[in-house]
Amino acid sequence: MKSLPAQLARRAAEQSGTRPPTVALIDLAALAHNVAVVRRSIPPSCQIIAVVKADAYGHGAVQVAQALLKMGVARFGVATLAEGVAIRKARLSSPILVMGGMQPEDYRAAVAHRLTPVVHDRPQLTALAQCLRRRPTPYPIHLKVDTGMGRLGLSVEDAVAVLGESDWRRRVQVEGLMTHLADADNADPTYTVRQLDRFRSLIETVKTTGLRIPLIHAANSAAILRHPASHFSAVRPGLMLYGYHTLAGGAPPPELKPVLTLTTKVVQVRRVAQGDSISYNRTYVANRPSRIAVLPVGYADGYNRLLSNRGAVLLEGQRAPIVGRVCMDLTMVDVTDIPAVRTGSEAVLIGSQGGLRVTADDLAALAGTIPYEILCAIGPRVPRIYLPSSP
């Protein structure tokens, strides 16, 4: 995986006219590359439902959805009503699937904005059908079945019963049938195979009722890459669109490109004496006379506090270790051995510089979390700057 050179982030920031010290560069060419990886991994007839929830995993949902639409991706998935409304208000007319649980009072707004609800239990279906009683034609929904995730969803038995009923069909059209795989990134496929067997059994039962459901989908990013049997008529890529995967060992890594580069600029370089401490609670005490660069980024921007005294940034093509606690707005790094660093020098927090790189995977390993959280945590006060998918 290779990020864009950090100097492109600086150039884009300068072109924006605002020159913010901390920016997230979103490389739409890398996004297009990752979409191509998805397409190579699935049958030509299989549709892509691009998951752009959580602000497209921190990349900017509206802009990413607009870019994906130009790349031929025609369906999108979000978690909440508000996420769906925000994309719809950006004048995207594509189908938008709301995959998280909605409250009954949300249904009217969902229908008004032509959002497709995921129905996960019988009371929800009843309430939605009641909301739709004055519509002249059935409204599309997707029905979610819990085959082993243990979250939202009808049991397989309840799904069979619901799909066998006819009283709700005048108001609701089951456009999609879906499940969520709990363990698809595990090298051991046993549990995923078990889930897929349950789901496939349901699909076969549905066929006997004569009910036609055009969109059948189960595959998340890991299943797209590891479980071809899960591809059905649609897939739901999320993390892999943004250049990362969580596959356990045993499979060759996909050729994905990280889409996001996070940079900032040094605001001060200060000298400290041996024995001086840095930041809150004196967790770092200099063991030599040192030069410390202060960066205007902190946990309020989504730069994890667990990186304190553990992480490193790239400065002048070298690694500069974080010293002391990451603060709400500031982070300090030791640049004693990087004499070229000065105020205004560019620091790469996620991305590449001088042949070195720091990825969301690297930060996740240090913070004891997953790359999803690292990317989603990048806060709204960090401007997203978009590089086009073609020159």
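Numbering starts at 1 and runs along the sequence shown.
In the hydrophobic clustering of this structure, Tyr372 groups with Leu375; members are Ile, Leu, Val, Met, Phe, Trp, Tyr whose side-chain heavy atoms approach within less than 4.5 Å, directly or through other members. If you chain together hydrophobic residues whose side chains sit under 4.5 Å apart, Leu143 and Ile213 fall into the same group. No single ILVMFWY cluster, assembled from side-chain heavy atoms under 4.5 Å apart, contains both Leu306 and Tyr303. Both Leu256 and Val52 belong to a single network of hydrophobic side chains, linked directly or stepwise wherever heavy atoms of I, L, V, M, F, W or Y lie under 4.5 Å apart. If you chain together hydrophobic residues whose side chains sit under 4.5 Å apart, Val269 and Leu315 fall into the same group.
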Could you walk me through whether Thr246 and Asp185 pass side-chain hydrogen bond (donor to acceptor under 3.5 Å, both in side chains), step by step?
CA-CA 6 Å; Thr246 57; Asp185 49 4; 2.9 Å; yes
Carefully, step by step, assess His120 and Arg151 under the rule side-chain hydrogen bond (donor to acceptor under 3.5 Å, both in side chains).
CA-CA 10 Å; His120 53 78; Arg151 298 192 313 192; over 6 Å; no
Applying side-chain contact (heavy atoms from CB on, under 4.5 Å), run through Val156 and Val145 and close with a yes or a no.
CA-CA 6 Å; Val156 172; Val145 182; 3.8 Å; yes
Gln47/Arg75 under side-chain hydrogen bond (donor to acceptor under 3.5 Å, both in side chains): CA gap, chis, key distance, verdict:
CA-CA 8 Å; Gln47 296 192 41; Arg75 293 179 181 273; 2.9 Å; yes
One pair to check against side-chain hydrogen bond (donor to acceptor under 3.5 Å, both in side chains): Ser279 and Arg325. What are the steps and the verdict?
CA-CA 6 Å; Ser279 196; Arg325 299 279 194 207; over 6 Å; no
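No side-chain donor-acceptor contact under 3.5 Å links Arg319 to the backbone of Leu356. Judged purely by atom type and a 3.5 angstrom limit, Asp121 uses its side chain to pair as donor or acceptor with the backbone of Gln124. When atom types are taken as modelled, the side chain of Ser233 and the backbone of Ile216 share a donor-acceptor pair closer than 3.5 angstrom.
Closest approach of Ile338 to Arg291, counting heavy atoms only: O-NH1, 3.3 Å. What you find for Gly317 and Gln353 is that their closest heavy atoms are N-OE1, 2.9 Å. Minimum interatomic distance between Arg88 and Ser94 (heavy atoms only, all atoms of both residues): NH1-O, 2.8 Å. Heavy-atom minimum distance, Tyr386 versus Gly60: OH-CA, 3.4 Å. For the residue pair Asp183 and Gln195, the shortest heavy atom distance occurs at N-OE1, 4.4 Å. Considering all non-hydrogen atoms of both residues, Thr116 and Pro140 come closest at CG2-O, 3.6 Å.
Proximity of the aromatic rings of His59 and Tyr242 is defined here by a centroid distance below 6.0 angstrom, and this criterion is met. Under the 6.0 Å cut-off for aromatic ring centres, His142 and His217 qualify, their centroids lying closer than that.
Here the rule is side-chain contact (heavy atoms from CB on, under 4.5 Å) with Met99, and of Leu152, Val51, Ile49, Val78 only Val51 fits it.
The SG atom of Cys46 sits 11.0 Å away from atom CZ of Arg39, with the distance rounded to the nearest 0.5 Å. Note that CG of Leu25 and OG1 of Thr263 are 7.5 Å apart. Values are rounded to the nearest 0.5 Å. Expressed to the nearest 0.5 Å, how far CD of Gln173 lies from CG of Leu211 amounts to 9.0 Å. Distance check, rounded to the nearest 0.5 Å: CG of Leu125 to CD1 of Ile141 gives 5.5 Å.
Shown here are the ring-ring contact (aromatic ring centres under 6.0 Å, His included) partners of Tyr139, two or more places apart in sequence or in another chain: there are none.
Sequence neighbours left out, not one pair with a member in residues 312-350 passes ring pair (Phe, Tyr, Trp, His ring centres under 6.0 Å).
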